[in-house]
There are 2 protein chains.
Amino acid sequence: MEVSVKGEYALRAVFDLACHQQEQPIKIAKIAERQQIPQKFLELILSQLKQGGFLSSRRGAEGGYFLARPAESITIGDILRHIDGPIAPARRLQQDDLPEDSPFPELWEKVERALSSVLDRMSFADLVVRWKENRAKRVVNWQI
Amino acid sequence: MEVSVKGEYALRAVFDLACHQQEQPIKIAKIAERQQIPQKFLELILSQLKQGGFLSSRRGAEGGYFLARPAESITIGDILRHIDGPIAPARRLQQDDLPEDSPFPELWEKVERALSSVLDRMSFADLVVRWKENRAKRVVNWQI
DNA sequence: TCGATTCTCTACTAATCTACTAGAGATTGG
DNA sequence: CCAATCTCTAGTAGATTAGTAGAGAATCGA
């Protein structure tokens, strides 16, 4: 049931871009440094996210990546599906040679709905809000 | 996010045993045939499930496997965790080098709760009930 | 007791996937 | 033009997956 490291990197990268939405394009090197991701690996991931229409980029000096759409319209599920493939816990192919009355397809559908209810409802705008809340909380604790 | 083939086989095997709870021990060969699982692979899986305390067995002629506990007390989550490892989508180790105010740990906890709410609430007794319902429905449709 | 049956245990393996790295090429800003 | 930066194609070491092979140990029925 694990999300791949690549998937986690992708989420962290998009989150990083969502946090700097208003600014200039962000360089790969900057994201790699801030998010602790191997730069060459991150290049592949960002390129793949661009193919998927989530990011745009500019080359050359002062180039970099930025969100192609507002953070509110990109969900965790969108990114994970594009990088790691279907969220579904069971592969469709194998379902076919189960007996017609098997209870398992129902089970997997339930699981998928449960996952979707979290992953497809949570946008990167939500994540940024949470992040700001966490920072605020920490500052308050620190002041006490 | 995929369950391994081994995990699926384990679930199907336990389900098979749950369907034949009252009877004699069931032979590996019988389960392998009914559930379409490579027999030698299934041997390893059943042995592992026995180590986990879910199944008991008897060797020799008329031997086989049977549930060590009532089907109501064994959940999908129990079996998956024992065969595939933790249900959690993100590994704990990597969480440590995230910044303290990262919104991701919260996200993964939400996902884990969502998964648990399905996997840990569904027992094999429930599965058997669903299976019988499905069979009944099919018969009704067939009669019409 | 014998022998057929069935589970048990250890070891091996081919193929695939994961998490990268290397390096050359294409664009762009100044 | 040139330095910075993204882009694209390849390769790859190590781990994991989904098995297979084969000998050994326990049990039942006759």
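No experiment lies behind these values; they were computed from the predicted model shown. To find a chain, count down the sequence lines: A is the first, B the second, and so on, and within it residues start at 1.
- For A:Glu100, the CD atom counts as loosely surrounded, since its 6.0 Å shell holds 12 or fewer non-hydrogen atoms of other residues, nucleotides or ligands.
- Between the P atom of C:dG25 and the NZ atom of A:Lys40 lies a distance of 13 Å, rounded to the nearest Å.
- For A:Ile28, taking side-chain heavy atoms from C-beta onward, the closest of the listed nucleotides D:dG19, D:dC6, C:dC9 is D:dC6.
- Closest approach of B:Ser123 to B:Ala71, counting heavy atoms only: CB-O, 3.7 Å.
- Of the candidate nucleotides D:dG19, D:dG22, C:dA19, D:dG22 has the atom nearest to the side chain of B:Glu43.
- Heavy-atom neighbours of A:Gln24 CD from other residues, nucleotides or ligands within 6.0 Å: at or below the threshold of 12.
- When rounded to the nearest whole Å, the span between CD of A:Glu2 and P of C:dC17 equals 17 Å.
- Nearest-nucleotide assignment on DNA chain D puts the 5′-proximal partner with A:Gly60, out of A:Leu44 and A:Gly60.
- Note: CZ (A:Arg58) to P (C:dG30) measures 9 Å, nearest angstrom.
- Residue B:Lys50 has a polar side-chain atom (N or O) positioned under 4.0 Å from OP1 or OP2 of C:dT8.
- A:Gln48 has its CD atom 15 Å from the C1' atom of D:dT9, to the nearest Å.
- The nucleotide whose nearest atom lies closest to any side-chain atom of B:Ser4 is, among C:dC7, C:dG29, D:dA18, D:dA18.
- Rounded to whole Å, atom P of C:dT21 lies 12 Å from atom CG of A:Leu42.
- With contacts defined as side-chain heavy-atom distances shorter than 4.5 Å, the pair B:Phe124/B:Thr75 does not qualify.
- Proximity note for A:Arg59 (side chain, C-beta onward) versus C:dG25, D:dC8, D:dG19: the nearest is C:dG25.
- When the options B:Ile76, B:Asp78, B:Val3, B:Ile79 are evaluated for a side chain to side chain contact (heavy atoms under 4.5 Å, CB included) with B:Leu119, the one that passes is B:Ile76.
- Using a 4.0 Å heavy-atom criterion, one finds that B:Leu46 contacts no nucleic acid atom at all.
- Side chain of A:Lys27, nearest nucleotide from C:dC7, D:dT5, D:dT7: D:dT5.
- Put simply, B:Tyr9 has no side-chain N or O that comes within less than 4.0 Å of OP1 or OP2 on D:dA18.
- Note on B:Ser47: every side-chain N or O is 4.0 Å or more away from OP1 and OP2 of C:dC7.
- A:Gln51 comes within 4.0 angstrom of sugar-phosphate atoms only, judged by non-hydrogen atoms across all strands, and of no base.
- For the pair A:Lys30 NZ and D:dA4 P, the interatomic distance rounds to 16 Å; values are reported in whole Å.
- If A:Ala61 and A:Pro38 are placed on DNA chain C by their nearest nucleotide, the residue sitting closer to the 5' end is A:Pro38.
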